[in-house]
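Numbered from 1 within each chain, the chains take letters A, B, ... in sequence-line order.
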Number of protein chains: 2
Amino acid sequence: MRSVPIGEAARQSGVKVPTIRYYEHIGLLPAPNRSKGNRRHYETSDLRRLAFIRHSRELGFDIEAIRTLLTLQDNPSQPCATADTIAQARLADVVQRIRSLTALKAELELMVEGCRHGKVGECRVIEVLADHSQCEHARH
Amino acid sequence: MRSVPIGEAARQSGVKVPTIRYYEHIGLLPAPNRSKGNRRHYETSDLRRLAFIRHSRELGFDIEAIRTLLTLQDNPSQPCATADTIAQARLADVVQRIRSLTALKAELELMVEGCRHGKVGECRVIEVLADHSQCEHARH
DNA sequence: CTACATTCTCTAGCGACTAGAGGAGCAAGC
DNA sequence: GCTTGCTCCTCTAGTCGCTAGAGAATGTAG
């Protein structure tokens, strides 16, 4: 008997109970066996799958990517080019995001530093928001 | 006659037509005058407001924050502490996001570099996703 | 047996749009 | 006039990845 109810699965995996049910609903996690009282019971393999999903979500992969990655995991003899491509796409996305957030950070810092804590009428924050051309550093 | 139809307003502001209507719907942009044929016509002041909204969105402020910022802009004699607070909160958020994305980037780079382009069964990408403990750098 | 926790299903909501249906208005060319 | 084709109108529903809540049933500890 190493099957656990959903609450325990949630505790062990760090995925919330409704989220586990949601993953089942969208077909990311197979429907587990049920007890007499119609309650889900998860096996070790389910918990592993759940951990895989959680980790992938933490790394920012979207559900469709995870679906593909799980299919790949289920077929270990296939070439892994697809997995590599997905991971690289995610990496490229992260790099791009860091770039634009860094530009944003510079802009926000200028805004906040320029604020003299007086009236709104002279506030640099409001002024810059109203006039994009005052942003010289970031072309967002 | 310097009022323009919604398509032109979209072109000038860089905000898409349905989005402009959406902003009106949620009360972020005042409902403009209509032509005989029931078409929206925007004045310069509307276009300025739209530019303010767009720029704020680009900087990642959420709608509620923008609502507050617009109210502040409409009352220039008030102290600007609120504007400053909102901008600082946004800055803190951006800094935090950059931090976690940078950790993610390191993790993804390790994954991608480790991939030997062989079979899925030996793929480092899949392996790391399945086993969080192989992530040593980021505690995500 | 009684509390209480846990689980069940189902529907609706979040933010910030986006897409599409189905129709009306309008300007230019014939 | 008339047609073509663009813009615009309103409305509803969908996107993503959950999250919240209602209302009922099941399981467990004392």
Side-chain angles (χ1 to χ4, degrees), chain A residues 1 3-29 31-42 46-47 49-50 52-70 86 89-90 93 97 140, chain B residues 1 3-29 31-42 46-47 49-50 52-70 86 89-90 93 97 100 104 140:
Chain A
M1 291 260 188
S3 77
V4 296
I6 197 167
E8 184 54 29
R11 239 160 280 130
Q12 284 185 32
S13 67
V15 179
K16 288 180 197 157
V17 169
T19 307
I20 295 177
R21 286 196 278 247
Y22 169 71
Y23 287 159
E24 179 184 330
H25 180 69
I26 62 170
L28 208 57
L29 199 62
N33 294 327
R34 300 283 184 127
S35 72
K36 281 173 286 189
N38 197 35
R39 300 189 167 198
R40 292 169 179 85
H41 277 274
Y42 294 94
D46 298 315
L47 297 179
R49 204 171 176 88
L50 210 41
F52 186 102
I53 296 170
R54 192 206 169 183
H55 194 196
S56 303
R57 285 296 298 136
E58 279 174 349
L59 290 172
F61 292 96
D62 62 28
I63 299 288
E64 280 319 298
I66 297 173
R67 211 185 282 281
T68 307
L69 291 167
L70 281 168
I86 291 174
R90 177 69 194 131
D93 183 45
R97 244 167 242 266
H140 45 251
Chain B
M1 291 263 188
S3 77
V4 297
I6 196 167
E8 183 55 29
R11 239 160 280 131
Q12 285 186 30
S13 66
V15 179
K16 288 180 197 155
V17 169
T19 306
I20 295 177
R21 286 196 277 247
Y22 169 71
Y23 287 159
E24 180 184 328
H25 180 69
I26 62 170
L28 207 57
L29 199 63
N33 293 327
R34 301 283 184 124
S35 71
K36 280 173 287 188
N38 198 35
R39 302 190 166 197
R40 292 168 178 85
H41 278 274
Y42 294 94
D46 297 315
L47 297 177
R49 202 172 177 90
L50 210 41
F52 186 103
I53 295 171
R54 192 204 169 185
H55 194 197
S56 303
R57 285 297 297 136
E58 279 173 349
L59 292 171
F61 292 95
D62 63 27
I63 299 289
E64 280 320 298
I66 297 174
R67 212 185 280 281
T68 306
L69 291 166
L70 281 168
I86 291 174
R90 178 69 196 131
D93 183 43
R97 243 167 241 266
S100 73
L104 235 62
H140 43 251

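Judged by distance alone, the side chain of A/S13 and the main-chain N or O of A/A9 form a donor-acceptor pair under 3.5 Å. Judged by distance alone, with hydrogens and angles left aside, the side-chain atoms of A/T19 form no donor-acceptor pair with the main-chain N or O of A/V15 at under 3.5 Å.
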Could you please spell out the steps behind the salt bridge (Lys or Arg N to Asp or Glu O under 4.0 Å) verdict for B/E64 and B/R67? CA-CA 5 Å; B/E64 280 320 298; B/R67 212 185 280 281; 3.0 Å; yes
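Judged by closest nucleotide on DNA chain D, B/R34 is the one of A/G37 and B/R34 placed further toward the 5' end. With the nearest nucleotide of DNA chain C identified for both B/R39 and B/D62, B/D62 has the one nearer the 5' end. Each of B/K36 and B/E64 was assigned the nucleotide of DNA chain C with the nearest heavy atom; the assignment lying further toward the 5' end belongs to B/E64.
Between A/E8 and A/R11 there is a salt bridge, since at least one side-chain N of the basic residue sits less than 4.0 Å from a carboxylate O of the acidic one. Under 4.0 Å is where a charged nitrogen must lie from a carboxylate oxygen, and between A/D93 and A/R90 at least one such pair does.
The separation between B/L29 atom CG and C/dC17 atom C1' is 15 Å, rounded to whole Å. Atoms CZ (B/R57) and C1' (C/dC17) sit 9 Å apart, rounded to a whole Å. B/I26 has its CD1 atom 12 Å from the P atom of C/dT18, to the nearest Å.
Closest approach of A/G7 and A/V17 over heavy atoms only: CA-CG2, 4.0 Å.
Nucleotides of DNA chain D lying under 4.0 Å from heavy atoms of chain B occupy a range whose first and last members, 5' to 3', are D/dT7 to D/dT10.
Side-chain contact between A/I20 and A/R40 is absent, with no heavy-atom pair separated by less than 4.5 Å.
Listed by residue number, the members of residues 9-25 of chain A with any heavy atom below 4.0 angstrom from DNA chain D are A/K16, A/T19, A/Y22, A/Y23.
Interatomic distance, B/R57 CZ to B/D62 CG, rounded to the nearest 0.5 Å: 7.5 Å.
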